[in-house]
Each structure stands twice: as structure tokens, then as C-alpha cells.
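Order of the sequence lines fixes the chain letters, A, B, ..., with proteins taken first and strands second; residue numbering starts at 1 for each chain. The figures that follow rest on heavy atoms only: side chains count, while hydrogens, waters and symmetry mates do not.
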Amino acid sequence: MVAAKKEQVTFEIEKALQQAKTKGQLDFREMPNFAVEIPREKAHGDFATNAALLLSKETKMPPRQIAQIILANLESSNNNSDSSSDSSSNSSAAGADRFEKVEIAGPGFLNFYLGTGWLYKLVPQIIAEDKNFGKSSFGQGEKVQIEFVSANPTGLLHMGNARGAALGDTLCNLLKAAGYEVSKEFYINDAGNQIENFGKSLEARYLQLLGENVDFPEEGYHGEDIIETVKKIMAEVGDAYLKVEASLRREFLIQKALQEKISNIKNDLARFGVEYDVWFSEQTLHDSGAITKTIQELQEKGYIYEKEGALWLKTTQFGDEKDEVMVRSNGLPTYFAADIAYHQNKFERGFQKVINIWGADHHGHVARMKGAMRALGYDPEKLQVILMQLVRLSQEGEIVRMSKRSGQYITLAELMDEVGRDAARFFFVMRSPDSHLEFDLDLAKEESAENPVYYVQYAHARICSILKASPEKLTESGAADFTLLKEDAEIDLLRKLADFPEEIIEAAVSYEPHRLTRYAHDLASLFHSFYNSCRVLTDEEELRKARLLLVEATRITLRNVLLLLGVSTPERM
RNA sequence: ACGCCCGUAGCUCAGUGGAUAGAGCACUGGCCUCCGGAGCCAGGUGCGUAGGUUCGAUUCCUAUCGGGCGUGCCA
């Protein structure tokens, strides 16, 4: 709705510029790339453009004078349209869509005032669209694959994984709402070195629990959870693997433990509201020969050479500081080689866009991976990596150091126990991925009104309460005279509701889920203000009906945005 | 040493090549005969520093300082 208005404004300005050029009033070669935006200040109208400022240099004229010319041409084209529509039986419908007024302001901005007519059509539209309000076909069904979390199955999910989960899942919801076809994927690193390590750690714990005196591997996983896992396995098989060959024992423990770990991860993520479409095993890439095939392909294209018994990829050709090993001298492919094969596999599956959410500690990997994709003949632009900065945990004013090796970290499960899913998800998505998110455990634990998620949910619950208390059911008052909604608080609320579909598109295309929490908070805030200045259940029947429907439209929008965020929508709190 | 990210109010963070840079928390003072006070309204010396590009820079560029991360035949 807003988008349509914006297009109209853009179109009118272009028409006016063209007209001025034709008349010889303005001299420019190409249509300037002017902006049409919703001004920060309400006093600056519904839309504003900087077209005159941009043309100042080329035309060698003062911006305000240019604005004056544009304005004059806007008016004359408006008049033309008006006179043509006058011949129709009723010109007021067309007139309502036209600008109420256009002003020159500041250094040369043109401010457009639309009036309120178009806003009054909004409420019934939102109510009719209901769960679909906000959705669009912007993405035109483009197939997008998004991989996130992909935590090593050797441990539990930590805060960084939780941030990735919240961001990734919300981004998926956003992209779907914006008309993309999205597939969510978790890449299971169930092969390679860390699995070897995992096996050694499991074995050591197993033998220790059976009373054997063995050292724990230096590079092993020291976490308590490994012991728990081994205990569970022992409850099933006892000491049956005490005296078997070490490699068999290790293999058994690895398989059992992986099963248990992955199932834990799945459960924790599901509890966090995240369900994947695909769980992709790295091991399958080894088993199917996909990695070998990828390496061969790179070799044939001349990107691979041998040195000191290892195969190297010429990543320096892609701007890397040094080349990377693909196959170690012991014959085993590296994680990097597997990851290239994995990404090739993604493109082979026909995705037009492939998104990864990685921790910032992997940033060195981005250029290499994009380079590898180009080497394989794919457009690296289609691979989008969202880097998120690491989560800092603070408690009692101190930064808590987290390390997977040492097993010192707060898990996703613990986080949900303490602060709940709603608060955790909202909190993680609230910050831009670029920010070093500081998670204050004490504050989060408090579960008090300090958490912004309650503020938004409270608005929703409050609305539900009003609707319940209403003397008439909404269906009885489907129609209303919305022009009765004249208060500033009402108009502000309507404008915010109108923004929602475009807000989704912008958040989706810029991969910025945090815009959504901002929108949710702003909308809740405008509702609370409205609530305090306008009584909904007033004795004036017509006004009551109009306000009830406005409130219902607000409820729908709040619910839809919370749904996108994966946050619950309580009717009572 | 080099590379990437960040530096905005007391704290945690938004934001933009444009008009008077915002929110939450904290602090102070108001607002319930009335739909939920987990609410509303009012209150602020802030864009790390120095140059440059521009009609206009907090935003873009360069340098510099401070913090985080990375630079493995680990993942």
C-alpha cells in the first residue's frame, strides 16, 4: 500500500522532471537517481524527495529554484489529470488519491502530503487479509537455501549457536513472507578430524568409567556432557566394548554418541522454535565420492597443485593471503574441501540463492569459498554469507569467557530454562548481526518488564482483553465509518500498520531481521499511546465500531510480526 | 605484522549522503470515578580523533587511537 503510494509519487516526479526538461526549464541529461522516502519528521509530509538537490550541480541552479520548477510542473500535470477526470461521473475517487499538498522545504526538499483518505481503506484490507497481511510476492518464488547453526555434533549448543538459530529462523520467515521459496538446512559435521578427536575423548571416558587408568587426550573434548553421553551408552551396553579392538570400540562409541548428540541438538532447536527442512551429513559427501569429484574438477581446471605430499587449492588467485590445503599428506580431505563439495551440492540442487550464517570467527573463509565457487563456474554473488559477531556473555558485570574445549559455556537449553524462548529469540534478533551482542545473564534471568519482548506481548494481550470486553462481536461491525478516526494517535497507528508489508520486504532483501523487532516495538508503542489517549469502548457507537476494527487490525499485525519472530502471542499475561 | 568487524546518551544498542541523530534500561516529576499502570506523558552536555570528497558527512575515502575476531596439512 505504501509501496504503491511511493511508486505513484516517484512517477509523478519523473513526469514533472521530464516535462520541465521538454519545456527547457531544466537542463539535465539523465533522470537523477532521486530518493522518495518517508521523512523522519511528520511535519515533513508523508513522502519527501531530494530530486532538486541532486540536480543543483548539473543545472547550476539553486535547489529551491529547481524545486519550484518541479512543483509547477507537478501542478500542471495534476491539473491536466483533474480536468480529464472531471468528465467522469464522479471525480472524488480520483481526487482522494491525489496529493493533498506539496511543499518546498529546507534546502530544497519537496514534501508530499497525501491526506488521510487512503489510510481509511487500510483497516478492512488488513482484516480481510488476516494472516496474510504483510506477505507479498516480491521474491517471485525464487528458490533460496539457507544454512545456519550447523554446530559440531561433538557438544551442546551454545550462545553463539543460539544467536545463529534465532537470526536464521527469523530470516527464513521473512524471506518466505516476502515471496521466496526457502529451504532451511543444518550441515552436520560428522566426519573428519574433530570426529576422530571425539572418538578418542569418548573412548577415554568410557574406559575411565570402567575403572581403567587412561589419560584423557590433550586436544579432547573436556565437557561434562561427553561423560553424560558415555554414561547413557554404558547403561545400554555396559562393558561389552571394554575388550574389543580399539578401532571397533571407537567406531561404535562415535556412532552411538553422534546419534545421541544430534538428537539432542534437534530437540533443543525444536524447543527454540526452529525446525529444519534438511539435515545434511558431511559423511555422505565422503561416502558418495562427491568430495573427490569436486577436487578432480578443480584439478582439471588447473586450480590445484601438489606440494609436500598435499594437494593445495590456489586460493591466492581469489585474494587469499596463502593457498589452502585440500587433501592432507595423509590422504584425508580437509574440512575446506568438504565444504566446497557441500556448496557445489547446494547449487546443483538448483537454488538461485544460497545463504550461510557464520560466526565472525569464520570470516577468513568467506573469500575462499566464494572464490572456490567461481572456480567451479558458479556466480559467487549467489552465495551470501552473513557474518554475525560473537556473543559476549556478562554476569555480575563481568565478561564470562566461554570455551568449548574446556566445556565452560551456557547452553541453549539452559538459556531457555532461565529466560524462556520468547525473550531469548527476541533478544538475539534485536541486535544487528554486526554488533558484538552482549548478553547480560542477570538481566535476562530477571524475567522482568525490562525485557522489550514483554512490552510487545503486553500490547497484544491488552488488545485481546479489549476485544473480549467489547459489547459487540467484530463480525457484527464489519463495516464502519473510518473517517471518524481523526486523532493523531489514530492516524499514527494507521500509518505504521500501512508500513508493514514494505518493512518485511526491506528486512528480507537486506538480510536484517533486527528491523522486525524494531517495527514490533514501534507498533506496540503507538498502540499504547493510542490506548491512553483514545477510549475504544466509548458510548458513541459509530466511533466505537471504527476503533474496534482499528484495534483488531493492530492485533493482526502484531500477531503476524511476532509470528515471524517466533515469539508467542499471549492473550493474557 | 597483516586482514575483517565494531567505536553513537551513564549502560545496552538503533539509524541516515540531507531538514531538530533515536529507543530501551537507569534517574526525576506528573497521569487510574474509565477498555489490563508489564502502560502513558514530560525531562539530555552524545556520532573515538584528525584530515579529504561533497551544495551538504555521524554516514563515503585516508590516516590514527581503542576493543573483538582471524591469519593451522583444525573446524
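Across the strands present, G7(B) finds its partner in C65(B); the criterion is a Watson-Crick or G-U wobble pair with both atom distances under 3.5 angstrom. With a 3.5 Å ceiling on both atom-pair distances, the Watson-Crick or G-U wobble partner of A42(B) is U28(B). G22(B) and C13(B) make up a base pair, with Watson-Crick or G-U wobble contacts both under 3.5 Å. G72(B) makes up no base pair with any nucleotide shown, lacking Watson-Crick or G-U wobble contacts both under 3.5 Å. As the counterpart of A57(B), no nucleotide is assigned, since no Watson-Crick or G-U wobble pattern has both distances under 3.5 Å.
For the atom pair NZ of Lys42(A) and CG of Asp488(A), the computed distance is 5.0 Å after rounding to the nearest 0.5 Å. In this structure, the separation between CD1 on Ile38(A) and CD on Glu502(A) is 6.5 Å, given to the nearest 0.5 Å.
At a cut-off of 3.5 angstrom, the base of C40(B) holds no donor-acceptor pair with the side chain of Ser529(A).
Taking the 5.5 Å centre cut-off and the 30° plane limit, the aromatic side chain of His521(A) is not classed as stacked on A23(B). Evaluation of Tyr458(A) against the base of G39(B) yields no stacking contact (centre distance < 5.5 Å, interplanar angle < 30° required).
Comparing A75(B), C35(B), C69(B) by their nearest atom to the side chain of His362(A) picks out A75(B). Picking from C5(B), G72(B), C35(B) the nucleotide with the shortest atom distance to the side chain of Gln389(A) gives C5(B). The side chain of Lys57(A) approaches C55(B) more closely than any other nucleotide in the set C55(B), G36(B), C69(B). The Tyr335(A) side chain lies nearest to A75(B) when the options are G39(B), A75(B), C73(B).
Note: Phe280(A) and Phe186(A) fail the aromatic proximity criterion, with ring centroids not under 6.0 Å apart.
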Under-3.5 Å N/O pairs linking protein and nucleotides 1-3 of chain B:
unit_1	atom_1	unit_2	atom_2	d
G3(B)	N2	His363(A)	NE2	2.6

Please tabulate, one pair per line, each protein N/O and nucleotide N/O from nucleotides 11-15 of chain B that are separated by under 3.5 Å, including the distance.
unit_1	atom_1	unit_2	atom_2	d
U12(B)	O2'	Arg431(A)	NH2	2.9
C13(B)	OP1	His436(A)	O	2.6
C13(B)	OP1	Glu438(A)	N	2.8
C13(B)	O2'	Arg431(A)	NH1	2.7
A14(B)	OP1	Ser432(A)	N	2.7
A14(B)	OP1	Ser435(A)	OG	3.3
A14(B)	O2'	Arg518(A)	NE	3.0
A14(B)	O2'	Arg518(A)	NH1	2.9
G15(B)	OP1	His514(A)	NE2	2.7

Between the protein and nucleotides 7-9 of chain B, which nitrogen or oxygen pairs come in under 3.5 angstrom?
none

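Using a 4.0 Å heavy-atom cutoff across all strands shown, Glu282(A) reaches no nucleic acid atom at all. At a threshold of 4.0 angstrom between heavy atoms, the contacts of Cys464(A) with the nucleic acid are absent. Base engagement by Glu308(A) is indicated by at least one non-hydrogen atom pair under 4.0 Å involving a base atom. The residue Lys468(A) sits apart from the nucleic acid: no heavy atom pair falls under 4.0 Å. Residue contacts for Ala48(A): at a heavy-atom cut-off of 4.0 Å it reaches a base atom on one of the strands shown. Contacts of Asn111(A) with the nucleic acid, taken as non-hydrogen atoms under 4.0 Å apart, include base atoms. Within the nucleic acid shown, Ala459(A) has no heavy atom closer than 4.0 Å to any nucleic acid atom.
Annotation: C6(B) and G15(B) have their C1' atoms spaced 15 Å apart (nearest Å). A distance of about 10 Å separates the P atoms of U8(B) and C47(B), rounded to the whole Å. For the P atoms, the distance from A14(B) to C74(B) is 36 Å, rounded to whole Å. Atom P of G48(B) sits at a distance of 13 Å from the matching atom of C11(B), rounded to the whole Å. When the P atom is compared between G17(B) and G67(B), the two are found 30 Å apart, to the nearest whole Å. Between A9(B) and G24(B), the distance separating the two P atoms is 16 Å to the nearest Å. Spacing between G22(B) and U62(B) at atom P, rounded to whole Å, works out to 29 Å. Taking atom C1' on both nucleotides, G29(B) is separated from U33(B) by 24 Å, rounded to a whole Å.
Rounded to whole Å, atom C1' of C74(B) lies 15 Å from atom CD of Glu218(A). When rounded to the nearest whole Å, the span between CG of Asn152(A) and P of C74(B) equals 15 Å.
C32(B): glycosidic angle within 90° of 0, hence syn.
Distance alone, capped at 3.5 Å, is enough to place a donor-acceptor pair between the His222(A) side chain and the Gly220(A) backbone.
In summary, the side chains of Asn356(A) and His343(A) do present a donor paired with an acceptor at a separation below 3.5 Å, with no hydrogens or angles considered.
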With a cut-off of 3.5 Å and sequence neighbours excluded, list every side-chain donor-acceptor pair involving residues 535-542 of chain A.
unit_1	atom_1	unit_2	atom_2	d
Arg535(A)	NE	Leu537(A)	O	3.4
Thr538(A)	OG1	Glu540(A)	N	3.2
Glu541(A)	OE2	Lys545(A)	NZ	3.4

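Judged as a side chain to side chain donor-acceptor pair (under 3.5 Å), and not counting sequence neighbours, the contacts of Asp339(A) are Tyr335(A), His365(A). Pro570(A) meets the side-chain contact (heavy atoms from CB on, under 4.5 Å) test with Gln457(A), Ser568(A), Met573(A); sequence neighbours excluded. Applying the side-chain contact (heavy atoms from CB on, under 4.5 Å) criterion to Ser465(A), with sequence neighbours excluded, gives no partner residue. In this view, Tyr305(A) and Asp323(A) satisfy the side chain to side chain donor-acceptor pair (under 3.5 Å) rule, not counting sequence neighbours. Qualifying side chain to side chain donor-acceptor pair (under 3.5 Å) partners for His44(A), counting only residues two or more places apart in sequence or in other chains: none. With sequence neighbours excluded, the residues that form a salt bridge (charged side-chain N to carboxylate O under 4.0 Å, His left out) with Arg368(A) are Asp320(A), Glu324(A). In this view, Asp434(A) satisfies the salt bridge (charged side-chain N to carboxylate O under 4.0 Å, His left out) rule with no residue, not counting sequence neighbours. His528(A) pairs by the side chain to side chain donor-acceptor pair (under 3.5 Å) definition with Arg462(A), not counting sequence neighbours.
The side-chain tip of Lys101(A) points at the ring of Tyr113(A) from less than 6.0 angstrom away and within 45° of straight on.
At the phosphate of C74(B), OP1 or OP2 sits under 4.0 Å from a side-chain N or O atom of Arg328(A). The side chain of Asn193(A) contributes an N or O atom lying less than 4.0 Å from OP1 or OP2 of C74(B). Residue Tyr531(A) places at least one side-chain N or O under 4.0 Å from the OP1 or OP2 atom of G37(B).
Comparing Ala105(A) and Ser465(A) against RNA chain B, the residue whose closest nucleotide sits nearer the 5' end is Ala105(A). Comparing Pro333(A) and Arg462(A), the nucleotide of RNA chain B nearest to each residue sits closer to the 5' end for Arg462(A).
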